[in-house]
Protein chains: 2
Amino acid sequence: MDAQLRRGLLDVCVLAAIKNEDSYGYKIIKDLKPVLELSESTLYTILKRLEEAKMLEVRSTEFDGRLRKYYHVTPSGVKRIGDFKEEWKELMGVYSFIMEEN
Amino acid sequence: MDAQLRRGLLDVCVLAAIKNEDSYGYKIIKDLKPVLELSESTLYTILKRLEEAKMLEVRSTEFDGRLRKYYHVTPSGVKRIGDFKEEWKELMGVYSFIMEEN
DNA sequence: GCGATATACATCGTATCACGAGGTATAACC
DNA sequence: GGTTATACCTCGTGATACGATGTATATCGC
C-alpha cells in the first residue's frame, strides 16, 4: 500500500487493536499482522505519540521476568476512533470523485 | 479531515483532476475545492513531484499575457490511478478491521 | 485613473512522521 | 549451548504538507 495512505490509518488501527482488550506492543504487532504489517520501531513511535496525546494509558507489569507494558484506550482515544468514522465519509467523497473521473 | 489521511489522497486526486482534460494549477485548485481544499503551495509541490516522477508532462503557454502551465497525465500517471484502485481494496480491509472492533 | 480582487506562477523554512538499523535482556526449545 | 521467540527502546534520515511570502498581469467597480 502507498506509504501516505498507510499513515492515515496507523494511529486509529492501533487504537482499534487495543480498544476491546488492553494489549502490549509485541502482541499488537502480531494481532495486526493479517491486516496491516508494521515494524516495532513504527509501533513504539505510535504508542508513544498516542500516550503523549492522552489517548492511551500505560500500566507496566512483569510477566515471566520480562517487562510488559499494557496499554489502555482512554475516552479521548475512543473519541479518536469515532472521529475516524466521520473522516471516512469525507474520504468516500474523494474516492467517488476519483472514480467518477475514470 | 485528518492530515495524514488527506496525504494519501492528494497525489491521485490531482492526477484524476487532470486526466480527462489537461489543466493548470489555478484551475485544479478551483475544480478540487468542492471535494478537497488545498493551498497553492501544496499543489505546486505536488505538481512538481508528479512531473519529476514522469506522471505529468508540462506545456507552458501564454494566456492573456500571463504564464499558464498546462499539465498532461502520462501513461505512468494513469497507471498510478489504477494502482490506487488496488490500494483502496487493502484500505477497505483495514477499515473493516477497525469497524469490527467497534 | 485607481484601488481591489482575481488570475497565475514560485520558493523557503518548519514540523511531523514512518521506518530501518541497531541495541538490551530474558525465556523457551531442540 | 546456540537459535528463536518474546519484549522493550533510541537515533538518524528522508519524505512530505503547508503557511508565509513574493512577483506580475488582467479585470472590475467606482
Side-chain angles (χ1 to χ4, degrees), chain A residues 1-15 17-18 22-33 35-53 55-71 80 87 90-91 94, chain B residues 1-15 17-18 22-33 35-53 55-71 80 87 90-91 94:
Chain A
M1 200 192 309
D2 172 66
Q4 295 300 314
L5 220 45
R6 257 179 82 87
R7 284 175 203 204
L9 299 171
L10 286 170
D11 282 25
V12 178
C13 213
V14 168
L15 285 170
I18 304 170
D22 291 2
S23 190
Y24 55 96
Y26 208 77
K27 184 167 188 294
I28 294 167
I29 288 172
K30 280 195 298 179
D31 288 347
L32 283 182
K33 196 159 193 174
V35 188
L36 194 74
E37 284 198 50
L38 74 175
S39 68
E40 293 186 38
S41 60
T42 299
L43 178 64
Y44 288 114
T45 307
I46 293 168
L47 288 174
K48 200 176 177 182
R49 182 171 62 242
L50 291 175
E51 192 193 341
E52 277 164 10
M55 294 189 190
L56 288 179
E57 274 169 6
V58 198
R59 178 170 43 89
S60 287
T61 59
E62 208 183 295
F63 187 83
D64 274 345
R66 277 193 294 264
L67 176 68
R68 209 183 249 185
K69 290 172 76 171
Y70 276 92
Y71 288 88
R80 177 71 191 86
E87 285 166 14
E90 286 181 63
L91 201 72
V94 180
Chain B
M1 200 192 308
D2 173 63
Q4 296 300 314
L5 218 46
R6 256 180 79 86
R7 285 172 202 206
L9 300 172
L10 287 172
D11 282 24
V12 178
C13 215
V14 168
L15 284 170
I18 304 171
D22 291 2
S23 190
Y24 56 95
Y26 208 77
K27 184 167 188 294
I28 295 167
I29 289 173
K30 280 195 298 180
D31 288 347
L32 284 181
K33 196 158 193 175
V35 187
L36 194 73
E37 283 198 51
L38 74 176
S39 69
E40 294 186 38
S41 61
T42 299
L43 178 64
Y44 288 114
T45 308
I46 293 169
L47 288 175
K48 199 175 178 183
R49 181 169 64 242
L50 291 175
E51 192 193 342
E52 277 164 9
M55 293 188 192
L56 287 178
E57 275 170 5
V58 197
R59 178 170 46 86
S60 287
T61 59
E62 209 185 294
F63 187 84
D64 274 345
R66 277 192 295 263
L67 176 68
R68 208 182 252 183
K69 290 173 75 172
Y70 275 92
Y71 288 89
R80 178 70 192 86
E87 285 166 14
E90 286 180 63
L91 200 72
V94 180

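Reminder, nothing fancy here: chain letters follow the sequence lines and each chain counts from 1. Just so you know, these numbers come straight off a predicted model, no measurement behind them.
A straight line from CD1 of Ile46(A) to P of dC17(C) spans 10 Å, rounded to a whole angstrom. Tyr26(B) places its OH atom 7 Å from the C1' atom of dA8(C), with the value rounded to the nearest Å. Between the P atom of dA27(C) and the CG atom of Leu67(A) lies a distance of 13 Å, rounded to the nearest Å. Note: CG (Leu47(A)) to P (dC17(C)) measures 14 Å, nearest angstrom. Taking atom CZ of Arg68(B) as the reference point, atom C1' of dA10(C) lies 17 Å away to the nearest angstrom.
Smallest separation of non-hydrogen atoms from Glu51(A) and Tyr71(A): OE1-CE2, 4.3 Å.
Counting any heavy atom pair closer than 4.0 Å across all strands shown, Lys27(B) reaches no nucleic acid atom. Residue-level contact check: Leu10(A) touches the backbone only, with heavy atoms under 4.0 Å from sugar-phosphate atoms and none from bases.
Toward the 5' end of DNA chain D, the nearer of the two residues Gly25(A) and Gln4(A), judged by each one's closest nucleotide, is Gly25(A).
Neither OP1 nor OP2 of dC9(D) sits under 4.0 Å from any side-chain N or O of Lys48(A). At dA10(C), one or more side-chain N or O atoms of Lys69(B) fall inside 4.0 Å of OP1 or OP2 (strictly under the cut-off). Arg7(A) has no side-chain polar atom (N or O) that falls below the 4.0 Å cut-off from OP1 or OP2 of dA17(D). Tyr44(A) has no side-chain polar atom (N or O) that falls below the 4.0 Å cut-off from OP1 or OP2 of dC9(D). Under 4.0 angstrom from either OP1 or OP2 of dA17(D) there lies no side-chain N or O belonging to Thr42(B). An OP1 or OP2 oxygen of dC8(D) is reached within less than 4.0 angstrom by no side-chain nitrogen or oxygen of Tyr24(A). Here Arg6(A) does not reach the OP1 or OP2 of dC17(C): none of its side-chain N or O atoms lies under 4.0 Å away.
Checked by distance alone, Glu40(B) brings a side-chain donor or acceptor within 3.5 Å of a matching partner on the base of dC9(C).
With dC8(D), dG19(D), dA10(C) as the choices, the nucleotide that has an atom nearest any side-chain atom of Ser39(B) turns out to be dG19(D). Comparing dC8(D), dA20(D), dA8(C) by their nearest atom to the side chain of Ser41(B) picks out dA20(D). The side chain of Asp64(B) sits closest to dA26(D) out of dT6(D), dA26(D), dT7(C).
Contact of the Leu10(A) side chain with the Leu36(A) side chain is registered, since non-hydrogen atoms from C-beta on lie closer than 4.5 Å. A heavy-atom distance below 4.5 Å is found between the side chains of Ile28(B) and Leu47(B).
Although no hydrogens or angles enter the test, the distance criterion places no donor-acceptor pair under 3.5 Å between the side chain of Asp64(B) and the main chain of Arg66(B).
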